[in-house]
Colleague: 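Sharing a structure below in structure tokens format, with a few things to ask.
The chains referred to below are lettered A, B, ... by the order of the sequence lines, with proteins before strands, and numbering in each begins at 1.
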Amino acid sequence: MRKYAVIYVSVLMENIQYAGHIAMGFISYFILIFVFINLWNYMYADPGELIAGYTKEQMIWYVMITEMLWFGARSTTITRQAAADIRGGNIVYLMNKPYHYTLYILARYTGEWCVQMPIYALLMVVTGTLLVGNIPNFMPVTLLAAIPCLILGITIHALFKLCISLLSFWIEDSNPFQWLYDKLILVVGTIFPIEIFPESLHVLFKASPIYTVCYGPAKLIVDFSPEKCMEVLAAQLLYLLAGCGLMFFIYGKGVKRLYVNGG
Amino acid sequence: MEVIRTENLSKTFRVKKKEKGMKGSLQSIFHPNVEKIRAVAGISFTVNEGEILAFIGPNGAGKSTTIKMLTGILYPDGGKVEVLGIDPTKKRKELAYQIGTVFGQKEQLWTHLTPYDNFRFFGAIYDIPEEEIELRIRELTDIFELGELLNIPVRGLSLGQRIRCEMAASLIHKPKVLFLDEPTIGLDPVVKENIRTLIRQMNEELHTTVFLTSHDVGDIERLCKRIIIVNDGRIVLDDSMEHMKLSDMSLESTIMEIYKAQRRENTAL
């Protein structure tokens with residue numbers, strides 16, 4: 001594990017240099033959140049009204065948290081970079097070291113989001129507190145359970161994104177699959193909580209990565225309950241195991257098909 | 001003692017071909033035309049411990065593909081390969097601890113880090129204990145004269161300085177075999193000569209076996225005692241440098257003649 005920790009620290013050192021640039025990316029986050037604040041202010045006619053079981057403040061904070069996850073965890077390393085490594089043959093120069101390529105990519109990715117996410121989290125808390133106010137009934141101690149779920153969610157998200165990139169061993173362009181996955185996560189779990197959708201779809205959404213990647217962690221922050229926490233955690237552990245298995249399987253099969261002609 | 005052994009090693013690539021224009025693009029969707037290209041066609045050779053071997057050939061001869069199979073990156077379609085008694089296709093990671101690679105056209109160093117941080121990084125990757133890494137960095141800094149470069153980010157180094165650091169990084173774990181793929185490409189004659197001196201010194205002092213591919217005859221002439229020429233995926237010559245030099249022609253002319261003869265043979269076929 002020491003080698004992966006060193007990869008993580010090296011990327012962290014690199015990304016800290018660009019903390020200012022990362023903070024600039026908050027402008028687009030802020031514009032998006034501003035639109036949603038106005039939208040939900042319009043949708044909630046009365047101050048105490050509930051929509052799909054959420055108060056106005058909970059609903060806005062939910063979007064702010066999922067968007068923070070979306071912006072803070074975005075990275076080209078697990079998507080374009082990994083796919084380009086495979087298609088362009090650069091992977092061979094990374095494979096001749098005594099580490100597993102997929103874990104190398106995941107360690108790099110973790111180094112990236114560990115810089116991005118806290119910046120977005122800090123700016124989100126300031127913006128949310130000023131424009132929306134506190135989350136109703138929020139107890140800071142629940143973060144001790146919610147933050148590990150949040151980290152697990154980001155890791156599961158990375159596993160699935162990397163699995164799609166690894167399809168580049170077989171296909172020319174994995175971007176359309178990335179796009180489909182992103183849109184699924186964005187529309188169903190990020191912009192709206194799954195309670196907004198018809199009840200018949202809930203079972204389907206709960207069995208999908210949406211539940212473990214964005215809905216679960218955000219729900220725990222805006223409306224924590226120990227039962228919900230155990231449910232999310234169990235689903236995340238299952239997804240983590242399945243995601244790791246899938247990743248090693250695809251990589252193991254794909255690497256035997258590696259085609260790199262020339263020096 | 002043999003450190004590298006290959007028997008009838010072969011590798012075939014499948015390359016997609018497309019007719020020109022829009023018609024060709026549409027045709028390739030429904031009837032993709034895939035052509036098989038034999039990059040390595042059953043080559044057999046051995047390399048002994050401490051040897052510096054030149055493995056050369058024209059572009060597309062199969063040199064890099066052979067190196068990639070020797071280092072376990074590519075899976076051979078046929079034949080056997082053993083490096084330090086290890087089958088690279090089965091135990092690539094185990095082999096990685098005992099070999100080093102320098103690809104002149106590819107950077108393995110992290111450009112935003114200093115050479116010192118890179119050496120520490122590679123030391124950790126190869127599971128070298130902390131105190132040993134420091135000792136090894138000092139040794140390599142002396143051998144490759146890197147004292148003044150250690151704290152400059154790699155992106156700020158010249159090509160010659162970078163190659164010296166690349167070589168030092170690839171030696172951090174004391175590899176028994178070093179694969180050098182065009183290590184002097186793009187360097188000026190003075191820097192080239194320095195790099196050659198360092199390779200020779202490393203071979204003499206550390207007894208590292210060196211597997212060298214290069215288009216630069218100077219590299220081969222000054223470093224190697226044995227030469228293997230490959231063309232079209234086959235070995236066309238495996239001889240000692242001493243024997244090659246007995247010819248009236250210069251080494252460069254001899255190699256050129258072999259390349260031309262091979263080309264004529266291929267055209268005739």
Colleague: With a 4.5 angstrom heavy-atom cut-off, which part of B/Asn118 approaches chain A: side chain, backbone, both or neither?
Modeller: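 Neither part, no heavy atoms under 4.5 Å.
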Colleague: Among residues 99-108 of chain A, which residues come closer than 4.5 Å to chain B, judged by heavy atom distances?
Modeller: A/Tyr99, A/Tyr104, A/Arg108
Colleague: Is the closest side-chain donor-acceptor distance between A/Asn96 and B/Thr71 under 3.5 Å?
Modeller: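 No, no side-chain donor-acceptor contact under 3.5 Å.
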Colleague: Rounded to the nearest 0.5 Å, what separates atom CG in A/Asp182 from atom CZ in A/Phe177?
Modeller: 13.5 Å
Colleague: Distance-only, no hydrogens or angles: does the A/Tyr120 side chain make a donor-acceptor pair with backbone N or O of A/Ile65 under 3.5 Å?
Modeller: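 The answer is no, because no donor-acceptor pair under 3.5 Å joins these two groups.
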Colleague: Is a side-chain N or O of A/Gln236 found less than 3.5 angstrom from the main chain of A/Thr212, in a donor-acceptor match?
Modeller: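 Flag set: sc A/Gln236 to bb A/Thr212 pair under 3.5 Å.
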Colleague: Against chain B, label A/Ile7 side chain, backbone, both or neither, depending on which of its atoms sit under 4.5 Å from a heavy atom there.
Modeller: both
Colleague: Identify which part of B/Ile128 has an atom lying under 4.5 Å from any heavy atom of chain A, answering side chain, backbone, both or neither.
Modeller: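 When you check distances to chain A, only backbone atoms of B/Ile128 fall under 4.5 Å.
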Colleague: What part of B/Phe121 is in contact with chain A, defined as an atom under 4.5 angstrom from a non-hydrogen atom: side chain, backbone, both or neither?
Modeller: both
Colleague: Assess whether a salt bridge exists between B/Arg155 and B/Glu107, defined as any Lys/Arg side-chain N lying under 4.0 Å from an Asp/Glu carboxylate O.
Modeller: no
Colleague: Under 4.5 Å, counting heavy-atom pairs only, tell me which of B/Glu94, B/His112, B/Lys93 racks up the most with chain A.
Modeller: B/His112
Colleague: Side chain from CB out, backbone as N, CA, C, O: work out which of these in B/Leu113 comes under 4.5 Å of a heavy atom of chain A, or both, or neither.
Modeller: side chain
Colleague: Ring centres under 6.0 Å, that's the criterion: do A/Tyr211 and A/Tyr239 meet it?
Modeller: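 They do not qualify: ring centres at least 6.0 Å apart.
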Colleague: Measuring heavy-atom distances to chain B, does A/Val255 have an atom under 4.5 Å in its side chain, in its backbone, in both, or in neither?
Modeller: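 Contact with chain B: backbone and side chain both.
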Colleague: Would one find more than 12 heavy atoms of other residues, nucleotides or ligands at under 6.0 Å from atom CH2 of A/Trp170?
Modeller: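 Buried by this count: over 12 neighbours within 6.0 Å.
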Colleague: Check the side chains of B/Ser64 and B/Asp181 for a donor-acceptor pair under 3.5 angstrom, ignoring hydrogens and angles.
Modeller: yes
Colleague: Is a donor on one side and an acceptor on the other found under 3.5 Å between the side chain of A/Lys3 and the backbone of B/Tyr126?
Modeller: no
